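Input: one structure, supplied below.
Treat the numbers as computed from the prediction; the structure is a model and nothing was measured. We count residues from 1, following the sequence as given.
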Amino acid sequence: MTNIEETVKFCPVELSLNIITKKWVIQIVRDMFFGKSHFNEFKEDKPELTNKVLSRCLKEMQENNIIEKTIDPDDSSIVYKLTDKGLALNNIIYDLAMYTVDTDVYNNYYDDETKDEIKKMFKDKLNIE
């Protein structure tokens with residue numbers, strides 16, 4: 001075992017996965033990059049996502065400093081937005097999407113033109129250079 005392996009008692013990959021692999025976290029972060037910011041918007045296209053589960057997930061994401069909850073002064077609605085820590089997940093989400101688009105041998109959904117459009121869309125929404 002190397003000195004660094006002895007020094008690092010907790011694997012940084014495991015620590016990150018403990019946060020982002022909880023059900024719905026990555027999907028909600030992706031939705032936020034794509035413009036969603038309100039509770040009911042996160043439930044769109046996710047019929048199995050209950051209010052209780054979404055509330056708990058958003059609270060945990062706040063506790064992990066991935067999102068912050070604010071009040072819109074115009075209409076007093078609750079708005080969620082990504083923190084710097086949440087914004088830093090953009091490359092992970094992009095890489096996950098590209099992994100599937102580029103390598104999934106079971107993926108018969110996309111022709112080459114559609115793959116290019118998906119790549120461009122994710123690059124734009126996730127602010128990938």
Side-chain angles (χ1 to χ4, degrees):
M1 188 177 289
T2 67
N3 189 27
I4 190 67
E5 289 171 330
E6 292 173 9
T7 303
V8 179
K9 295 181 181 183
F10 300 102
C11 175
V13 173
E14 285 183 42
L15 294 174
S16 294
L17 289 175
N18 285 337
I19 295 170
I20 65 172
T21 60
K22 290 186 178 168
K23 190 155 184 164
W24 303 112
V25 170
I26 288 294
Q27 293 95 322
I28 292 169
V29 171
R30 179 212 48 215
D31 287 351
M32 294 178 88
F33 275 110
F34 277 71
K36 295 181 180 183
S37 61
H38 294 87
F39 188 91
N40 286 331
E41 292 175 324
F42 300 129
K43 292 182 62 180
E44 293 172 357
D45 302 321
K46 299 176 192 76
E48 65 280 6
L49 179 57
T50 65
N51 287 344
K52 182 179 178 180
V53 171
L54 178 56
S55 291
R56 185 174 56 234
C57 183
L58 291 169
K59 184 176 180 178
E60 288 175 3
M61 291 171 72
Q62 284 178 264
E63 290 169 356
N64 286 309
N65 197 32
I66 294 171
I67 63 170
E68 63 184 21
K69 177 178 163 180
T70 60
I71 305 292
D72 186 334
D74 294 333
D75 62 10
S76 299
S77 64
I78 295 173
V79 176
Y80 297 93
K81 73 176 210 173
L82 294 167
T83 62
D84 289 342
K85 185 176 175 181
L87 290 168
L89 293 169
N90 67 332
N91 287 309
I92 292 170
I93 294 171
Y94 180 77
D95 288 343
L96 284 170
M98 295 310 102
Y99 176 80
T100 298
V101 168
D102 289 337
T103 66
D104 189 354
V105 295
Y106 302 107
N107 185 349
N108 297 317
Y109 301 112
Y110 311 123
D111 59 25
D112 287 341
E113 183 178 332
T114 303
K115 287 179 182 182
D116 290 341
E117 290 175 15
I118 291 170
K119 289 177 184 182
K120 182 182 180 334
M121 177 182 61
F122 271 83
K123 273 187 171 183
D124 291 346
K125 297 291 184 180
L126 298 171
N127 300 314
I128 302 294
E129 298 292 323

Quick one: pull up CD1 in Ile67 and CE in Met61 and give me the separation to the nearest 0.5 Å.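 Here the interatomic distance stands at 4.5 Å.
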
Enumerate, atom names and distances included, each donor-acceptor pair closer than 3.5 Å involving a side-chain atom of residues 119-128, sequence neighbours excluded.
unit_1	atom_1	unit_2	atom_2	d
Lys119	NZ	Asp102	OD1	2.8
Lys120	NZ	Asp124	OD2	2.8

Distance-only criterion, 3.5 Å: show the donor-acceptor pairs between side-chain atoms of residues 49-59 and protein atoms not counting sequence neighbours.
unit_1	atom_1	unit_2	atom_2	d
Thr50	OG1	Val53	N	3.1
Asn51	OD1	Lys43	NZ	2.6
Ser55	OG	Asn51	O	3.0

At their closest point, which heavy atom of Met32 faces which heavy atom of Leu82, and how far apart are they?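 Met32 and Leu82 have their closest heavy atoms at CE-N, 3.6 Å.
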
So do the side chains of Tyr80 and Phe42 get within less than 4.5 Å of each other, counting heavy atoms only?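 Of all side-chain heavy-atom pairs linking Phe42 with Tyr80, at least one is under 4.5 Å.
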
Compare all side-chain heavy atoms of Ile71 with those of Val79 and state whether any distance is below 4.5 angstrom.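 A side-chain contact under 4.5 Å is absent here.
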
Working to the nearest 0.5 Å, report the span between CD of Glu68 and NZ of Lys85.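 The CD atom of Glu68 sits 13.5 Å away from the NZ atom of Lys85.
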
Distance-only, no hydrogens or angles: does the Asp111 side chain make a donor-acceptor pair with backbone N or O of Glu113 under 3.5 Å?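 A pair under 3.5 Å: yes.
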
To the nearest 0.5 Å, what is the distance between CG on Asn64 and CD1 on Ile66?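 Reported to 0.5 Å precision, the distance equals 5.0 Å.
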
Separation between CE of Met98 and OG1 of Thr103, rounded to the nearest 0.5 Å: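 If I round to the nearest 0.5 Å, the distance is 10.5 Å.
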
Do the side chains of Glu60 and Val25 get nearer than 4.5 Å, heavy atoms only?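 Counting from C-beta outward, Val25 and Glu60 never come under 4.5 Å.
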
With the side chain counted from C-beta on, respond yes when Lys69 and Ile78 share a heavy-atom pair under 4.5 Å apart, and no when they do not.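 Result yes, sub-4.5 Å side-chain heavy-atom pair found.
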
Measuring from atom CG of Leu89 to atom CG of Asn91, what distance do you get when rounded to the nearest 0.5 angstrom?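 Atom-to-atom, Leu89:CG and Asn91:CG are 9.5 Å apart.
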
Rounded to the nearest 0.5 Å, how far does CG of Asp31 lie from CD1 of Ile26?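 Output value for this atom pair is 11.0 Å.
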
